[in-house]
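One-based numbering, in listed order, for ligands and for the atoms of each.
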Amino acid sequence: MAEDADVIVVGGGLAGLVAATEIADAGKRVIVVDQEGEQSLGGQAFWSFGGLFLVDSPEQRRLGIKDNYDLALQDWLGTAGFDRDDDHWPKRWAEAYVAFAAGEKRDWLRAMGHRIFPVVGWAERGGYDAMGHGNSVPRFHVTWGTGPGIVEPFERRAREAHKSGRLIFKFRHRVDALIIGNGSVEGISGSILEPDNVERGQSSSRKIVGDFTLRAQAVIVASGGIGGNHDLVRQNWPKRLGEPPKNMISGVPEHVDGRMIGITEAAGARLINRDRMWHYVEGIRNWSPIWPRHGIRILPGPSSMWFDATGKRLPAPLFPGSDTLGQLEYIMSTGHDYSWFILTQSIIKKEFALSGSEQNPDLTGKSWRMTIKRATNKGAPAPVEAFKQKGADFIVRDNLADLVSAMNALSGDNLLELDHIKAQIDARDREMSNPYVKDAQVMNIHNARRYVGDRLIRTAKPHRILDVEHGPLIAVKLNILTRKTLGGFETDLDSRVFGTNGQIIRGLYAAGEAAGFGGGGMHGYRSLEGTFRGGCLVSGRNAGRAAAKA
Ligand SMILES: Cc1cc2nc3c(=O)[nH]c(=O)nc-3n(C[C@H](O)[C@H](O)[C@H](O)COP(=O)(O)OP(=O)(O)OC[C@H]3O[C@@H](n4cnc5c(N)ncnc54)[C@H](O)[C@@H]3O)c2cc1C
């Protein structure tokens, strides 16, 4: 039967765009199908904050950060905790990915016009021993232009290929099945959805107006994860993290529906590590939502005090920015699915960043003038101030008694006692005048301020929480926010998918979140952050190059 293209890519997110542009550049014909309209091209990556994991970069060196492949791999393996037979390919991908991040990643992107904000962030700082979870050094490089800044070079290349006839887009084409003949994947079939002019990221109509069949020598599944489908998240929720949360908010658009994962699995592909996921615990309800249950993640600096629903401070080392899954496990063990930050105006001003390209108009708009205000401004960035004033999860009061009573009113659970909270804050505040310090969070704050990047824009000058000079007091109710799927289709280093019989399925490749960012879960259990977009880049690139060659 005649082929419509050499390769079909399912999904026009970052992984799909990277794969498709590599195929077109190799002189082959490629079709990109996506269930969403053209306005959503780029998928989740458009909304991303822009973090990119790089190792031993010029930006790190300029800031005096000493990093190298061995240290980064030690951190990666301590964080991933690979412990299953299924971790063979994930581990090989992890090693390859760290080498990519320490090698050609930056130059490859730079040659396409990608640029990096000069202050490197320090995410997932851990707090266990040197072989445990976390980044030993700052590695979170932010794309100048955030999410749109990483999509732009690949969209440009894709549109050039489109002009030259090597790449065809099929928007509003939703894949319902893979076509298999003689043991090989030979194409896709599915439904054509009615046109819909919703804004990027909004849920679009699912009304079917036709059907389609497309044939090619190979199909690359780059359809994203399951974070927008809370039923699937709950179904796959790992026992080690307790019961699935009753309430969750969504850190991804609704098109991250996981449907294509089921379709690919039904065609015989081997899905591994489906119980590994990366959800955040610092989610706040968006006062101006784009997608259903839209939540935003706070990227916190180290100083906010963190309390569980009963008012007990989270134990060391579960401080802001230390260990996302450790925090999630602890919070779920309390029997409640929310927790609280208590902080001051001085802390929110310097330490709150919101993950999402639309929440960072300075970096997204590539405005130096606006970005410099992060270091010099008297108030918090405008989007943070807007949340403080309009966000349903924010409470601002002049004194602790009023704050705690408003917190009880907001949760409706009445679990917080003023004396209990005040005693813990007073104890922490006493450590402020102690140069030796016993409180591990306060030690972390002092350590953070030894790094010039944190001192400049991420860590407030140490002060007492109850010092009125630094007020007003702020409480933030933190929800669990779904985001990334760490497991996925088992693939070799060419992104070729294994079947349930352990053999490669001819003609089938997987990339991006659908492939657990490579191998079926190159992160293992946890991430060092900024590693997801990079996982899309390398798995999409490998899939595109291998499929074009084959
Ligand atoms: C707000 C936010 C902030 C983030 N910040 C960061 C960050 O700072 N650093 C980082 O590394 N990562 C970050 N991420 C994560 C990262 O952006 C994503 O993991 C990554 O972009 C996923 O890309 P993908 O191509 O695999 O999937 P997606 O972007 O989900 O794209 C998949 C595409 O496939 C389409 N599709 C799905 N099923 C079908 C079907 N059956 N038929 C046709 N089409 C289909 C979808 O419509 C979609 O367009 C962030 C994500 C979000 C949402």
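Inclusion of Asp34 in the set of residues having an N or O under 3.5 Å from an N or O of ligand 1 is warranted. Geometrically, ligand 1 and Gln35 share a nitrogen or oxygen pair separated by less than 3.5 Å. For ligand 1, one of its N or O atoms has an N or O atom of Phe49 under 3.5 Å away. Remark: ligand 1 and Gly43 share no N or O pair separated by less than 3.5 Å (distance only, no angle test).
Among all non-hydrogen protein atoms, the one lying nearest atom 23 (O) of ligand 1 is Cys536 SG, 3.4 Å. Taking atom 25 (O) of ligand 1 as the reference point, the nearest protein heavy-atom neighbour is Ala15 N, 3.0 Å. Atom 27 (O) of ligand 1 has its closest protein heavy atom at Gly224 CA, 3.3 Å. Closest to atom 22 (C) of ligand 1, if we only count protein heavy atoms, is Glu513 OE1, 3.5 Å. Of all protein heavy atoms, the one closest to atom 31 (O) of ligand 1 is Gly13 CA, 3.5 Å. Closest protein heavy atom to atom 28 (P) of ligand 1: Gln44 NE2, 3.7 Å. When only non-hydrogen protein atoms are considered, atom 40 (C) of ligand 1 lies nearest to Val175 N, 3.8 Å. The closest protein non-hydrogen atom to atom 11 (O) of ligand 1 is Arg533 N, 2.8 Å.
For ligand 1, the atoms closer than 4.0 angstrom to any heavy atom of Gly512 are 26 (O). Listed by atom number, the atoms of ligand 1 under 4.0 Å from Ala222 heavy atoms are 32 (C), 33 (C), 34 (O). Listed by number with element, the atoms of ligand 1 under 4.0 Å from a non-hydrogen atom of Gly11 are 33 (C), 34 (O), 35 (C). Near Met260, meaning under 4.0 Å from one of its heavy atoms, ligand 1 places the atoms 38 (N), 41 (N). Under a 4.0 Å criterion applied to the non-hydrogen atoms of Ser223, ligand 1 contributes the atoms 32 (C), 34 (O), 37 (C), 38 (N). Remark: ligand 1 atoms within the under-4.0 Å shell around heavy atoms of Ala45 are 17 (O), 21 (O). Counting atoms of ligand 1 from 1 in the listed order, those under 4.0 Å from a heavy atom of Gly530 are 9 (N), 11 (O). Within ligand 1, counting atoms from 1 as listed, the ones closer than 4.0 Å to a heavy atom of Glu36 are 47 (O).
Note: Phe53 and Trp76 meet the aromatic proximity criterion, with ring centroids under 6.0 Å apart. Ring pair Phe117/His141: centre-to-centre distance not below 6.0 Å. Separation of the Tyr525 and His133 ring centroids does not fall under the 6.0 Å cut-off. In summary, the aromatic rings of Trp89 and Phe498 are positioned with their centroids under 6.0 Å apart. Between Trp93 and Phe82, the gap from one ring centroid to the other reaches at least 6.0 Å.
Of the residues Arg541, Arg157, Lys28, the one that meets the side-chain hydrogen bond (donor to acceptor under 3.5 Å, both in side chains) test with Glu22 is Arg157.
The pair Lys170-Asp34 does not meet the salt-bridge criterion, since no charged nitrogen lies less than 4.0 angstrom from a carboxylate oxygen.
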Worksheet item: Which is it for Thr531 and Ser527 under the side chain to side chain donor-acceptor pair (under 3.5 Å) test, yes or no, and what are the steps along the way?
Response: CA-CA 7 Å; Thr531 51; Ser527 162; 2.9 Å; yes
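Closest to atom 1 (C) of ligand 1 by heavy atom, among His173, Arg483, Lys170, is Arg483.
Not a single heavy atom of Arg297 sits less than 4.0 Å from an atom of ligand 1. Within the structure, ligand 1 lacks Phe53 among the residues with a heavy atom less than 4.0 angstrom away.
Using a 4.5 Å heavy-atom cutoff, the side chains of Tyr451 and Arg458 are not in contact.
Between the OG atom of Ser40 and the CZ atom of Arg172 there is a distance of 9.0 Å, given to the nearest 0.5 Å.
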